[in-house]
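First the structure, in the form of structure tokens, and then the observations on it.
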Amino acid sequence: RQLTDLRRHAELTPQSAAAPPPDDDQAARAVEAEFENALSRDLQAVRHQTDGSLTRSDLDEALKNPNLHGNEAAALGVVADNFADMAKGHDGKFITLADIKKGDLGDKYTEGVNYLSTASHALFNGKPDYRKMDQGGIGDCYYLSPLDNEARLHPDELVKRLTDNGPTVTVAIPGRPSETIPKPTDAQMVPYAGGSTNGIWPTCFEMAWEVSQHPKLSMMDEPGGEAATGIQATSGHDAVNEDNTKSSLSHIDKRLTACPPSKNNVCASTFEREYKNGFIEGHVYSVVDYDPKHKMITLRNPWGASVPTGY
């Protein structure tokens, strides 16, 4: 907003006295100031310790505030999303305002503001579109990549699993009791999974899953899991994890030909080691397609538009 005002001022100033455009440092300082102002308003409503520290529980509770919107929601969401990194100096237990200032969160704050300005708050804005899904900051790729596949394969079935109750949503989880959750707030939409302009359905599925799977944990502390668990939880069908690190290409070809991703919920996982070909370590991708003629596997990263969506 401040940068827009600067541009408008320059347009209204006579050409001979036109103000110089802000340099990168000025723009960064403007964003940082806007972020700090928004966060200071957030903290007025956050229950925090007398020494100024913020725990994960403090932030989780603050994220539930339905009255935070726009800049305030983005600022709080970004802090919650980056809590783990900022809390490393305190054994992961809390953060301080000094930690937040050192976190250099200006760019991420801007991304959060932009996301909220375009994201749909409807449960569904059209049919579920897997290409609109974005994982967010929770480490549950093992659940969201299978959900990504279900949105691609059975979008109408996903619609049936969500019941809009006004302030709450009831989510049907295959093989488990349904979970009724509050609709996500704007602040929760920043660090949680989202559907961008397609609606909040990914956020609702994710929130319900975390309540069912880890009822005593903060969502942001999700420990991760295996793809088979996510496939069962999203499709309702049995699934197995198969280690193909030592399998021949012909074996993989036979498996994908017999179980084509165009009709089945198939995922691919990487190990906890560094990859030189662009893949993320310890991550789960959805297998979107397999071309047996050219032996080509197409994957989608649940991180969405922030990274290449296929290989």
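Quick caveat: nothing in here was measured; it's all calculated off a predicted structure.
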Donor-acceptor pair, distance only, cut-off 3.5 Å: does the side chain of S235 make one with the backbone of H237?
yes
Looking at NE2 of H69 and CG of L116, how far apart are the two atoms once the value is rounded to the nearest 0.5 Å?
10.5 Å
Just verifying a value: how many Å separate I173 CD1 and F205 CZ, rounded to the nearest 0.5 Å?
9.0 Å
Regarding D186 and H121, do their side chains bring together a donor and an acceptor under 3.5 Å, going by distance alone?
yes
Mind checking side chain to side chain donor-acceptor pair (under 3.5 Å) for D81 and listing every partner two or more places apart, or none if nothing turns up?
none
Do T197 and N125 meet the criterion of a side-chain donor-acceptor pair at a distance under 3.5 Å?
no
Quick check on D107: does its CG atom have over 12 non-hydrogen neighbours (other residues, nucleotides or ligands) under 6.0 Å away?
no
Partner residues of S218 under the side chain to side chain contact (heavy atoms under 4.5 Å, CB included) criterion, sequence neighbours left out:
R56, D60, M220, D221
Between E222 and Y142, does the side-chain hydrogen bond (donor to acceptor under 3.5 Å, both in side chains) criterion hold? Intermediate values first, please.
CA-CA 11 Å; E222 156 69 62; Y142 74 95; 3.2 Å; yes
Would you say the side chain of L76 lies within less than 4.5 Å of the side chain of L63, judging by non-hydrogen atoms?
yes
Between H283 and W303, does the ring centre distance come in under 6.0 Å?
yes
Say whether L153 and V287 are linked into one hydrophobic cluster, either directly or through other cluster members, by side-chain heavy-atom distances under 4.5 angstrom.
no
Drop me the distance from Y109's OH to N114's CG, to the nearest 0.5 angstrom.
10.0 Å
Q213 and T229 have their tightest heavy-atom pair at NE2-CG2, 4.3 Å
Near E281 CD, under 6.0 Å, is it more than 12 heavy atoms from other residues, nucleotides or ligands?
yes
Shared hydrophobic cluster for I297 and Y275 (ILVMFWY, side-chain gaps under 4.5 Å):
yes
Counting N and O atoms only, with roles assigned by atom type, does the side chain of N264 sit under 3.5 Å from a partner on the main chain of P260, one being a donor and the other an acceptor?
yes
Compare all side-chain heavy atoms of Y115 with those of D134 and state whether any distance is below 4.5 angstrom.
no
Note, P184 side chain near M207 side chain (heavy atom, < 4.5 Å):
yes
So which pairs with a foot in residues 153-182 pass salt bridge (Lys or Arg N to Asp or Glu O under 4.0 Å), sequence neighbours left out?
K127-D156, E157-R161, D164-K183
Evaluate the side-chain proximity of L158 to L147: yes if any heavy-atom separation is below 4.5 Å, no if none is.
yes
How many angstroms lie between atom CG of L249 and atom NZ of K254, to the nearest 0.5 angstrom?
12.5 Å
I'd like to know whether NZ of K102 has more than 12 heavy-atom contacts from other residues, nucleotides or ligands below 6.0 angstrom.
no
Closest heavy-atom contact between N149 and C267?
ND2-SG, 3.7 Å
Hydrogens and angles aside, do Y290 and D253 bring a side-chain donor and acceptor to less than 3.5 Å of each other?
yes
Does D291 pair with K293 as a salt bridge, N-O distance under 4.0 Å?
no
Would the distance check show the side chain of R255 and the main-chain N or O of N244 forming a donor-acceptor pair, the cut-off being under 3.5 Å?
no
In one Ile/Leu/Val/Met/Phe/Trp/Tyr side-chain cluster, 4.5 Å: Y143, I231:
no
Starting at CZ of R152, measure out to CD of E150 and round the result to the nearest 0.5 Å.
9.0 Å
According to the interplanar angle, ranging from 0 to 90°, do the rings of W201 and F124 count as parallel (below 30°), tilted (30 to 60°) or perpendicular (above 60°)?
parallel
Nearest heavy-atom pair of C204 and V169: which atoms, and what distance?
SG-CG2, 4.0 Å
Co-membership, hydrophobic cluster, residues V171 and L217, 4.5 Å side-chain
no
Which atoms form the tightest heavy-atom contact between M133 and P202, and what is the distance?
CG-CG, 3.9 Å
Is it true that the side chains of S248 and S250 contain a donor and an acceptor less than 3.5 Å apart?
yes
Donor-acceptor pair, side chain of D99 and main chain of T96, under 3.5 angstrom:
yes
Do S145 and D148 have side-chain atoms, one donor and one acceptor, less than 3.5 Å apart?
no
To the nearest 0.5 Å, what is the distance between CH2 on W209 and CG on D140?
10.0 Å
side-chain hydrogen bond (donor to acceptor under 3.5 Å, both in side chains) for N165 and T170? Distances and angles first, verdict last.
CA-CA 7 Å; N165 308 314; T170 299; 2.9 Å; yes
Minimum-distance pair of heavy atoms, taken over all atoms of A228 and V240
CB-C, 4.0 Å
Heavy-atom nearest pair, Q135 first then E206, reads O-OE2, 4.0 Å
Look at the rings of H90 and F94 and say which category their plane angle falls in: under 30° parallel, 30 to 60° tilted, over 60° perpendicular.
parallel
Without swapping roles, check the side chain of K295 against the backbone of P292 for a donor-acceptor pair under 3.5 Å.
yes
Using distance alone, with no hydrogens and no angle criterion, decide if S196 and N198 have a side-chain donor and acceptor under 3.5 Å apart.
no
F35 versus I100: any side-chain heavy-atom pair under 4.5 Å?
yes
